[in-house]
Amino acid sequence: MDVDTRLLRYFTAVAEEGSLTGAAERLFVSQPALTKQIRRLEDDLGVRLFTRSRSGMALTESGREFASRVPALLDGWDEAVRATGRAARVLRLGFLDAGAVGAVREVIAEFRRARPEWRMELRQFDWSDPSAGLARGEVDAAVVRLPFPGQARLTVRELFVEERGVLLPARHPLANSETVEFRELWDEPFVAAGAETGAWREHWLAAQERDGHPVRVGAVTSRPDEWLGAVAGGCVALAPASAARFYSHPDVVFRPVRGVSPSRVGLARPRGRTHGAPLDELLDELWEAFARRLSRS
């Protein structure tokens, strides 16, 4: 019987978190989707792995036996993938938006010239996974926007800070304002990321900067085209200043905002996992290159 390694990662997260809610936040998936995948794994194995109750998810005897063996299977698989990447000399760098990676694109180009024996693959992820592939082991490192769920389980080094503004429908009464006060937007319908993105969603709704005023969610999206379309349709959205350069729509305008904290961009990599010396050294070099470049900015 063949089992998708993704199902094993889902099982491990639920076993470690002890709840579907915590595991869903850690994996950046919806709770119903995670429940469905756990049931699929149980059906594939022909056993119940968890006892479900209001207090959470407890491993059955079969589940405990399975949990004792799965980490070694995943570690072996991950090491095989990393070894393959080392042999091919491939560094997989995840990112979320053009603005974040665009600020360090010159560094990436210089790095490629300096290390021609390595191939750097840039992989873009949508906003349903703010870890840009790290949470699921799909990349070696990622340029990310902070904060996001699961950040504490990664090694993260801040690269730079970028002011946030707001995307408004072109017909909005504030569209011609030079600068918008965040307080003026509190009653507007905001574009939000999915609930499973936790701290990421809260940051881009500035939920902690509303003096207790409730958030009004007008649309939930995970891709730039959906995001811009929702704003053009009447919602508003906080956005990094670079959005004005990298994303455009004829019916959307960007305006600076006063009263919200900036966006922090960092370089993240797994913690407590050995990539192997060549890749570790490469990631260290990449960080130092970012730091040198940004210190001159």
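Heavy-atom basis, side chains included; hydrogens, waters and symmetry copies ignored.
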Are [X] and [Y] grouped together when hydrophobic residues (ILVMFWY) are joined by side-chain heavy atoms under 4.5 angstrom apart?
X: Val47; Y: Tyr10; value: yes
X: Val14; Y: Leu73; value: no
X: Val161; Y: Val265; value: no

For residues [X] and [Y], determine if any side-chain heavy atom of one lies less than 4.5 Å from a side-chain heavy atom of the other.
X: Val156; Y: Leu267; result: no
X: Asp97; Y: Arg145; result: yes
X: Arg164; Y: Trp204; result: yes
X: Arg92; Y: Glu121; result: yes
X: Val231; Y: Pro169; result: yes
X: Leu93; Y: Val139; result: no

task = I would like to know whether His203 and Gln208 meet side-chain hydrogen bond (donor to acceptor under 3.5 Å, both in side chains); could you show each step before the answer?
result = CA-CA 8 Å; His203 177 72; Gln208 305 304 315; over 6 Å; no
Which heavy-atom pair separates [X] from [Y] by the least distance, and what is that distance?
X: Ser242; Y: Gly99; value: OG-CA, 3.3 Å
X: Trp227; Y: Ala243; value: CH2-CB, 4.1 Å
X: Leu134; Y: Ala142; value: CD1-CB, 3.9 Å
X: Ala132; Y: Val144; value: CB-CG1, 4.2 Å
X: Pro149; Y: Ala199; value: CG-N, 3.8 Å
X: Pro189; Y: Gly234; value: CG-O, 3.8 Å

Give, for atom [atom1] of [X] and atom [atom2] of [Y], the distance between the pair rounded to the nearest 0.5 Å.
X: Cys235; Y: His172; atom1: SG; atom2: NE2; answer: 10.5 Å
X: Leu74; Y: Arg69; atom1: CG; atom2: CZ; answer: 14.5 Å
X: Leu45; Y: Leu49; atom1: CG; atom2: CG; answer: 5.5 Å
X: Phe125; Y: Arg123; atom1: CZ; atom2: CZ; answer: 6.5 Å
X: Leu59; Y: Ser68; atom1: CG; atom2: OG; answer: 10.0 Å
X: Glu138; Y: Asp129; atom1: CD; atom2: CG; answer: 7.0 Å

Between the main-chain N or O of [Y] and the side-chain N or O of [X], is there a donor-acceptor pair closer than 3.5 Å?
X: Gln124; Y: Leu96; result: yes
X: Arg201; Y: Ala193; result: yes
X: Asp126; Y: Arg223; result: no
X: Arg210; Y: Leu205; result: yes

ask   = Ring centroid separation for Tyr247 and Phe254, is it under 6.0 angstrom?
value =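 No, they do not, as the ring centres are separated by 6.0 Å or more.
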key: Passing candidate, side-chain contact (heavy atoms from CB on, under 4.5 Å) with Leu174, options Thr179, Val166, Val180, Val236   =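 Among Thr179, Val166, Val180, Val236, the one meeting side-chain contact (heavy atoms from CB on, under 4.5 Å) with Leu174 is Val180.
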key: Residue pair Thr60 / Arg48, side-chain donor-acceptor N/O under 3.5 Å   =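 There is no such pair (donor and acceptor under 3.5 Å, judged by atom type) between the side chains of Thr60 and Arg48.
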message = Is it true that Gln31 and Thr21 share a donor-acceptor pair across their side chains at a distance under 3.5 Å?
response =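 Checked: Thr21/Gln31 side chains pair up, N/O donor to acceptor below 3.5 Å.
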Taking NZ, NE, NH1 and NH2 as the nitrogens, is one of them in [X] or [Y] under 4.0 Å from a carboxylate oxygen of the other?
X: Arg264; Y: Glu162; result: no
X: Asp187; Y: Arg216; result: no
X: Glu17; Y: Arg26; result: yes
X: Arg258; Y: Glu209; result: no
X: Arg171; Y: Asp251; result: no
X: Glu42; Y: Lys36; result: no

task = Run the numbers on Gln37 and Arg6 for side-chain contact (heavy atoms from CB on, under 4.5 Å), then give the verdict.
result = CA-CA 9 Å; Gln37 295 304 318; Arg6 181 181 57 176; 4.2 Å; yes
inquiry  = Using side-chain contact (heavy atoms from CB on, under 4.5 Å), reason through Phe190 and Val217 one step at a time and then give a plain yes or no.
reply    = CA-CA 5 Å; Phe190 272 71; Val217 175; 5.7 Å; no
ask   = Within 45° of the six-membered ring axis of Phe182 and under 6.0 Å from that ring's centre, is NZ or CZ of Arg255 located there?
value =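 Judged by the rule (NZ or CZ under 6.0 Å from the ring centre, within 45° of its axis), Arg255 is not positioned above Phe182.
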query = Going through the distances and angles, do Thr197 and Phe148 end up as a side-chain contact (heavy atoms from CB on, under 4.5 Å)?
reply = CA-CA 7 Å; Thr197 61; Phe148 60 88; over 6 Å; no
message = Let's go through Asp211 and Arg183 carefully: what are the C-alpha distance in whole Å and the side-chain angles of both, what is the deciding distance for side-chain contact (heavy atoms from CB on, under 4.5 Å) to 0.1 Å, and is it a yes or a no?
response = CA-CA 9 Å; Asp211 291 342; Arg183 185 180 296 271; 3.5 Å; yes
message = Students often mix this up, so state it plainly: with edges at 30° and 60°, are the rings of Phe50 and Phe11 parallel, tilted or perpendicular?
response =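 Phe50 and Phe11: tilted rings.
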